[in-house]
Amino acid sequence: MGNIFMSDPHHVFSWDKLGDIKGGREDLGEEVPVLVYRLMEYSMNHILYEEFGEEKANDLFRKAGFLAGSEYAQNMLPLDKDMTTFLAALQESLKELKIGILRMEELEEASGKFILTVAQDLDCSGLPPTNEVVCNFDEGFIAGIMKAYTGVEYEVREVDCWASGARACRFQGEPK
């Protein structure tokens with residue numbers, strides 16, 4: 001059996017490469033502590049920062065988030081439903097998977113602009129305050145979800161974060 005990460009096309013991520021998690025973790029199950037997730041995320045961020053600098057590290061995390069969000073939407077969300085049904089499914093799935101608690105604050109359907117919050121965010125809730133926003137992966141994740149649903153490229157930026165002193169992450173998005 002070959003290495004799935006090295007198969008053709010080379011190093012290309014797709015949903016099926018996540019494997020049979022239930023079958024492979026019969027005793028341990030599908031869930032892992034947030035600590036383990038953050039160990040991977042923040043150690044990867046550290047290395048990317050050291051190798052490429054802050055701007056490039058943030059950009060790479062956004063790109064990875066975009067890919068993850070696109071695959072997530074295509075495999076977990078009803079992309080053929082109206083906006084209300086889609087957002088309700090997104091909200092429920094993020095809560096069920098313990099990624100965070102989504103709330104749409106503003107949505108201009110005509111322009112596509114939105115503001116949403118994610119409380120108890122997997123990436124940052126509980127971090128010490130540093131007066132910065134740190135959820136670059138989430139920015140890309142949300143942009144990838146919106147592109148999968150609307151077919152339009154989105155620019156998504158975090159404007160409030162647990163690390164900046166807020167109690168929920170707030171993201172602004174608009175079509176590019």
Side-chain angles (χ1 to χ4, degrees), residues 13 15 18 30-77 83 86-108 111-150 152-176:
F13 171 76
W15 194 259
L18 297 178
E30 296 179 79
E31 295 183 14
V32 267
V34 173
L35 171 72
V36 174
Y37 171 83
R38 287 186 183 176
L39 273 170
M40 182 177 63
E41 179 182 17
Y42 288 121
S43 62
M44 180 66 72
N45 195 4
H46 176 95
I47 297 302
L48 290 172
Y49 176 81
E50 282 186 341
E51 293 288 324
F52 302 110
E54 182 178 8
E55 186 176 328
K56 184 66 173 178
N58 291 345
D59 185 52
L60 290 171
F61 259 84
R62 280 185 201 101
K63 286 179 178 178
F66 181 87
L67 177 58
S70 297
E71 288 287 324
Y72 181 84
Q74 291 170 33
N75 289 277
M76 299 288 291
L77 298 172
M83 181 68 82
F86 170 77
L87 289 173
L90 174 60
Q91 184 178 43
E92 181 58 33
S93 70
L94 293 179
K95 186 175 181 182
E96 181 179 309
L97 292 174
K98 299 178 180 166
I99 294 170
I101 300 170
L102 176 102
R103 188 174 139 250
M104 186 61 74
E105 288 189 350
E106 294 178 28
L107 174 62
E108 296 175 15
S111 69
K113 293 181 181 182
F114 65 84
I115 299 174
L116 62 80
T117 60
V118 180
Q120 299 181 42
D121 184 68
L122 180 61
D123 287 346
C124 70
S125 292
L127 289 179
T130 58
N131 294 319
E132 60 186 339
V133 294
V134 300
C135 300
N136 306 114
F137 184 87
D138 290 352
E139 291 172 337
F141 189 74
I142 295 165
I145 289 170
M146 293 305 291
K147 168 76 170 28
Y149 180 67
T150 66
V152 175
E153 294 280 342
Y154 269 79
E155 178 84 18
V156 177
R157 289 295 180 257
E158 184 178 32
V159 295
D160 290 312
C161 181
W162 188 285
S164 71
R167 298 305 260 179
C169 296
R170 178 170 284 107
F171 298 90
Q172 291 180 339
E174 63 181 87
K176 288 184 177 182

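Starting from 1, each residue takes its place in the sequence as its number.
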Heavy-atom neighbours of Q120 CD exceed 12 at 6.0 Å: no

Stepwise side chain to side chain contact (heavy atoms under 4.5 Å, CB included) check, K147 with E153: CA-CA 5 Å; K147 168 76 170 28; E153 294 280 342; 3.3 Å; yes

Side chain R38, main chain L122, donor-acceptor under 3.5 Å: yes

Atom pair CD1 (I99) and CZ (F141), whose distance is rounded to the nearest 0.5 Å: 4.5 Å

Inter-residue atom distance L67.CG - W15.CH2, 0.5 Å rounding: 10.5 Å

Donor-acceptor contact below 3.5 Å, side chain N75 vs main chain E71: yes

Over 12 foreign heavy atoms within 6.0 Å of CD, E31: no

Check: G112 main-chain N/O paired with Y154 side-chain donor or acceptor under 3.5 Å: yes

Inter-residue atom distance Y49.OH - H46.NE2, 0.5 Å rounding: 10.0 Å

Atom CE of M44 with >12 non-hydrogen neighbours under 6.0 angstrom: no

Salt bridge (Lys or Arg N to Asp or Glu O under 4.0 Å) contacts touching residues 160-176 (sequence neighbours left out): E105-R170, D160-R170

Between Y37 and D123, a side-chain donor and acceptor under 3.5 Å: yes

Considering all heavy atoms, the nearest V118-L116 contact: CG2-CD1, 3.9 Å

Contact check, side chains of I142 and F114, non-hydrogen atoms, under 4.5 Å: yes

Intermediate values then yes/no, side chain to side chain contact (heavy atoms under 4.5 Å, CB included), K56 and L60: CA-CA 6 Å; K56 184 66 173 178; L60 290 171; 4.1 Å; yes

Closest non-hydrogen atom pair between C169 and W162, with its separation: SG-N, 4.3 Å

Pairwise side-chain contact, L18 with F13, heavy-atom cut-off 4.5 Å (strictly under): yes

Shortest non-hydrogen separation from L102 to Q91 and the atoms involved: O-NE2, 2.7 Å

Test item: E158 side-chain N/O and C135 main-chain N/O as donor-acceptor pair under 3.5 Å: yes

Pairwise distance CG(N58) to CG(N45) - rounded to 0.5 angstrom: 6.5 Å

Y72 vs L94 side-chain heavy atoms within contact, under 4.5 Å: yes

Shortest non-hydrogen contact between L48 and F61, atoms and distance: CD1-CE1, 3.6 Å

Over 12 foreign heavy atoms within 6.0 Å of CZ, F86: yes

Pairwise distance CG(L77) to CD1(I145) - rounded to 0.5 angstrom: 6.0 Å

Heavy-atom pair with the smallest gap, counting every atom of C161 and C124: SG-SG, 3.7 Å

Intermediate values then yes/no, side chain to side chain contact (heavy atoms under 4.5 Å, CB included), M83 and L107: CA-CA 10 Å; M83 181 68 82; L107 174 62; 3.7 Å; yes

Gap separating the CD1 atom of I115 from the CD atom of E108, nearest 0.5 angstrom: 8.5 Å

Check against side chain to side chain contact (heavy atoms under 4.5 Å, CB included), Y42 and L127: CA-CA 12 Å; Y42 288 121; L127 289 179; 3.2 Å; yes

Shortest non-hydrogen contact between A119 and A168, atoms and distance: CA-CB, 4.0 Å

Identified salt bridge (Lys or Arg N to Asp or Glu O under 4.0 Å) counterpart of R62 within the set E55, E155, E139: E139

